[in-house]
Amino acid sequence: MKNNLFRKKSIEQLLNEEKGRSNGLRKILSVRDLTFMGIAAVVGAGIFSTIGSAAYNGGPGISFLFIITAVTCGFSALCYAEFASRIPVSGSAYTYSYVAFGEIIAWIIGWALILEYAIGNIVVAISWSGYFNNLLVHVFNIHLPSWMLIDPLTAKNAFIESTSALASGAELTAKQIKNYEFAIQAYNTAPMIGDVKIFFNLPAFIIVALITWLAYIGIKESKKSANFMVIFKVAVIIFVIVAGAFFVDVNNWTPFLPNGFEGVLKGVSSVFYAYIGFDAISTMSEECKNPQRDMPRGMIYSLLICTGLYILIALTLTGIEHYSNFLNVNDPLAFVFEDRAPWIEKIVSISAVVATASVLLVFQIGQPRIWMSMSRDGLLPKQFQKIHPKYQTPSFATIVTGVIVGIGALFIESDLVTDLTSIGTLFAFILVSGGVLFLPPKIKEPGKFKLPYINGKFIVPILLAGFIYLFRTRIELAITEFSFSNHQEILFLVFLILAIVITVLTIIRNYSLIPIMGVLTCSYLMIEIPIVSWQWFLIWMALGLLIYFLYGYRNSKLNLENRI
């Protein structure tokens with residue numbers, strides 16, 4: 001059984017299967033389209049919302065965190081590019097893991113990618129709803145009923161918090177009192193069925209339905225829409241940076257690291273969430289004109305452009321407003337211009353609606369193609385690989401993705417799945433980076449990307465020694481005050497042991513530096529995510545393994561071929 005669990009697909013087998021398909025996907029994407037798709041996926045909810053909480057924790061120093069995260073993603077992006085240049089078929093990290101590690105790992109990563117794509121899109125849809133409502137109120141003076149704009153759990157928690165705050169007798173600002181009274185009124189006036197208050201996020205559901213329809217009718221239409229939205233939102237972000245420069249007070253950049261480097265690292269999950277998406281374009285390999293050349297370029301170009309924008313925005317925001325004022329601010333770009341230049345706030349609101357819609361589009365395109373690839377391998381029912389005869393899109397998988405995301409956006413609390421999405425993505429990055437080490441050597445071919453080999457034999461041990469020196473206090477406390485109840489520090493010690501083992505293997509086997517750094521940096525970011533998200537992630541993985549053993553293991557295409 002062990003051999004069956006780790007049965008692999010060869011690169012030649014995948015290429016032959018792709019050539020033999022009579023009803024494939026439409027090949028129309030160029031390197032520019034792929035770069036725009038990458039920017040569309042990355043520049044979205046992160047830059048318009050989660051950057052606020054990161055700024056509160058890390059101050060102006062979060063610009064360092066963007067650089068660290070970009071370098072981390074850069075290692076993984078280069079490894080994705082290596083796989084994409086060799087395996088120009090849909091499936092992203094799922095397909096790559098099938099080649100490098102075998103079926104069970106491929107299934108696990110495919111299941112984890114559902115966290116990144118389908119579940120992550122729930123967060124994006126909810127974020128879009130907030131910006132859309134803000135646009136309706138401040139630009140068009142249209143007020144939707146509150147019970148149509150929020151999930152049940154958030155509404156109940158807001159009611160309890162507001163009631164307690166007003167009853168406590170604590171000194172509150174006029175704005176706080178207004179917000180608390182609004183939350184209580186919204187809860188009390190919500191319609192009821194029996195004894196149950198009715199709350200749902202209608203705009204979030206509507207945008208999911210519209211985006212799903214666009215993804216369903218064709219990649220050409222989706223490409224045009226994504227390109228337009230990217231040009232618009234990048235133009236607005238550059239405008240915000242230039243306009244914001246006139247309001248910057250350099251005194252707000254002092255201290256640059258108000259809560260030390262630990263404060264900066266508290267924003268790991270928020271900032272990393274802003275980067276999720278550049279890998280989504282690897283799901284579109286079969287729709288790319290020249291995937292072995294253009295796919296790597298598209299990923300790397302989009303990552304570089306987005307990193308530059310993120311750093312400039314972080315410095316602009318923390319220069320305009322003191323970092324301590326970003327507590328519980330969910331729309332930081334609009335927040336800094338609210339009193340200074342209200343007309344810019346309106347432009348930001350429009351851009352936020354467009355930006356989050358573009359993210360939603362790319363992820364709604366990506367998820368069905370992963371399910372399509374899993375179905376082709378027999379791990380999911382055949383309906384998921386069905387290609388629409390007219391639109392040439394994975395029609396059934398696209399509809400299923402829309403239903404899951406739409407229902408989730410109606411009723412689920414966004415904070416519940418943000419960290420889960422980051423874990424799923426980091427897990428994919430780790431396996432893709434590690435998988436490169438298992439690929440056979442390849443001679444550089446003209447017009448095709450090849451991951452440069454840099455011997456990590458001496459560099460990795462030096463970097464590990466530097467890490468141990470910088471974190472010596474944390475290591476000492478984790479060991480001397482070891483407790484099974486301190487889960488975060490247990491994860492830290494596990495990472496340290498893993499790093500030492502990988503370093504020793506690198507010395508012995510002369511592993512390449514880039515994939516090793518991809519594994520180590522993503523592993524570190526993973527352990528900084530709160531333990532509650534780890535618990536839900538493990539439950540999700542257990543559910544995935546149950547489905548695999550009940551269906552995928554027996555119906556696997558490789559399993560059926562072995563029986564013949």
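Atom set for the values below is all heavy atoms of this structure, side chains included, hydrogens, waters and symmetry mates excluded. When a residue number appears, it is its place in the shown sequence, counting from 1.
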*asked:* Treating S302 as the side-chain partner and T35 as the backbone partner, does any N or O pair qualify as donor plus acceptor under 3.5 Å?
replied: no
task = Taking S351 for its side chain and I347 for its backbone only, find out whether a donor-acceptor pair lies under 3.5 Å.
result = no
- Query: Considering only heavy atoms from C-beta outward, does the side chain of V405 approach that of Y117 to under 4.5 Å?
  - Reply: no
Value for CD1 (I387) from OG1 (T393), rounded to nearest 0.5 Å, stands at 7.0 Å
Can you establish whether the number of heavy atoms outside I193 located under 6.0 Å from its atom CD1 is more than 12?
no
Between the CD1 atom in I311 and the CD1 atom in I62, the distance rounded to the nearest 0.5 Å is 10.5 Å
Exercise. Taking it one step at a time, do V137 and I142 satisfy side-chain contact (heavy atoms from CB on, under 4.5 Å)?
Worked result: CA-CA 5 Å; V137 172; I142 297 173; over 6 Å; no
The reported gap from CD1 in I238 to CG in L312 (rounded to nearest 0.5 angstrom) is 9.0 Å
**Prompt:** Under a 4.5 Å cut-off applied to non-hydrogen side-chain atoms, are M37 and I365 in contact?
**Reply:** yes
Minimum side-chain heavy-atom gap F337-I320 below 4.5 Å
yes
For K386, I'd like to know if atom NZ has over 12 heavy atoms of other residues, nucleotides or ligands within 6.0 Å.
no
**Asked** Where does the angle between the aromatic ring planes of W107 and W111 fall among parallel (under 30°), tilted (30 to 60°) and perpendicular (over 60°)?
**Response** parallel
Sidechain-backbone polar pair: K220 side chain, Y391 backbone, donor-acceptor under 3.5 Å
no
Taking every heavy atom of C288 against every heavy atom of L34, the minimum-distance pair comes out as SG-CD1, 3.5 Å
Would you say I300 and L304 make side-chain contact, with heavy atoms under 4.5 Å?
yes
Side chain proximity check, E287 to I28, heavy atoms < 4.5 angstrom: no
Distance col, row S146:OG vs Q185:CD, nearest 0.5 angstrom, shows 7.5 Å
Tightest non-hydrogen contact, residues L431 and S97, listed as CB-OG, 4.1 Å
Parallel, tilted or perpendicular: rings of Y187 and F159 (30°, 60°)
parallel
d(T95 OG1, M374 CE) to nearest 0.5 Å is 9.5 Å
With sequence neighbours left out, the residues meeting salt bridge (Lys or Arg N to Asp or Glu O under 4.0 Å) with R340 are E321
Rounding to 0.5 Å, atoms CG (L214) and NZ (K223) come to a distance of 13.0 Å
query = So, the side chain of D151 versus the backbone of T154: is there a donor-acceptor pair under 3.5 Å, distance only?
reply = yes
Nearest heavy-atom contact between A70 and T307 is CB-OG1, 3.2 Å
Side chain W534, main chain M526, donor-acceptor under 3.5 Å
yes
ask   = Given R369 and E286, is the salt bridge (Lys or Arg N to Asp or Glu O under 4.0 Å) satisfied, shown in steps?
value = CA-CA 10 Å; R369 283 149 182 80; E286 288 183 36; over 6 Å; no
Heavy atoms of A40 and V362 approach each other most closely as CB-CG2, 3.7 Å
Heavy atoms of S225 and L361 approach each other most closely as CB-CD2, 4.2 Å
Checklist line | Note, W540 side chain near I114 side chain (heavy atom, < 4.5 Å) | finding: yes
Would you check if T521 and V71 make a side-chain contact, meaning some heavy-atom pair closer than 4.5 Å?
-> no
**Message:** Run the side-chain contact (heavy atoms from CB on, under 4.5 Å) test on I350 and F232 for me, step by step, so that the C-alpha distance in whole Å, both residues' side-chain angles and the decisive distance to 0.1 Å come before the verdict.
**Reply:** CA-CA 10 Å; I350 296 171; F232 177 77; 3.9 Å; yes
Compute the centroid of each ring, for F384 and then for F396, and state whether the two points are separated by less than 6.0 Å.
yes
Worksheet entry | Aromatic ring proximity F200/W147, centre distance under 6.0 Å | yes
- Measure from the side-chain N and O atoms of Q364 to the backbone N and O of T212, and report whether any donor-acceptor pair falls under 3.5 Å. no
- Message: Assess the residue pair D377 and Y94 against the criterion (side chain to side chain donor-acceptor pair (under 3.5 Å)); give the C-alpha distance rounded to whole Å, side-chain angles, the decisive distance to 0.1 Å, and a yes or no.
- Response: CA-CA 11 Å; D377 295 328; Y94 160 76; 2.6 Å; yes
With a 3.5 Å distance limit and no angle check, can you tell me whether T69 reaches the backbone of F66 through a side-chain donor-acceptor pair? no
Smallest heavy-atom separation, I404 atom then I122 atom, equals O-CD1, 4.4 Å
Checklist line | Donor-acceptor under 3.5 Å (D33 side chain, S30 main chain) | finding: yes
Sorted by chain and residue number, the side-chain hydrogen bond (donor to acceptor under 3.5 Å, both in side chains) partners of S324 (sequence neighbours excluded) come out as H322
**OP:** Report the C-alpha distance between L202 and L149 in whole Å, list the side-chain angles of each, state the deciding distance to 0.1 Å, and finish with yes or no for side-chain contact (heavy atoms from CB on, under 4.5 Å).
**Re:** CA-CA 6 Å; L202 184 61; L149 299 168; over 6 Å; no
_Can you confirm whether or not the ring centre of Y216 sits under 6.0 Å from the ring centre of H388?_
yes
Evaluate the side-chain proximity of I207 to V353: yes if any heavy-atom separation is below 4.5 Å, no if none is.
no
Can you list the steps and then say if V336 with F326 is a side-chain contact (heavy atoms from CB on, under 4.5 Å)?
-> CA-CA 9 Å; V336 297; F326 286 101; 3.9 Å; yes
Does the ring centre of F411 sit less than 6.0 Å away from the ring centre of F199? no
_Does Y551, at its OH atom, have more than 12 non-hydrogen atoms belonging to other residues, nucleotides or ligands within less than 6.0 Å?_
yes
message = Test your reading of the model: is there a side-chain donor-acceptor pair from S358 to the backbone of A355, 3.5 Å cut-off?
response = yes
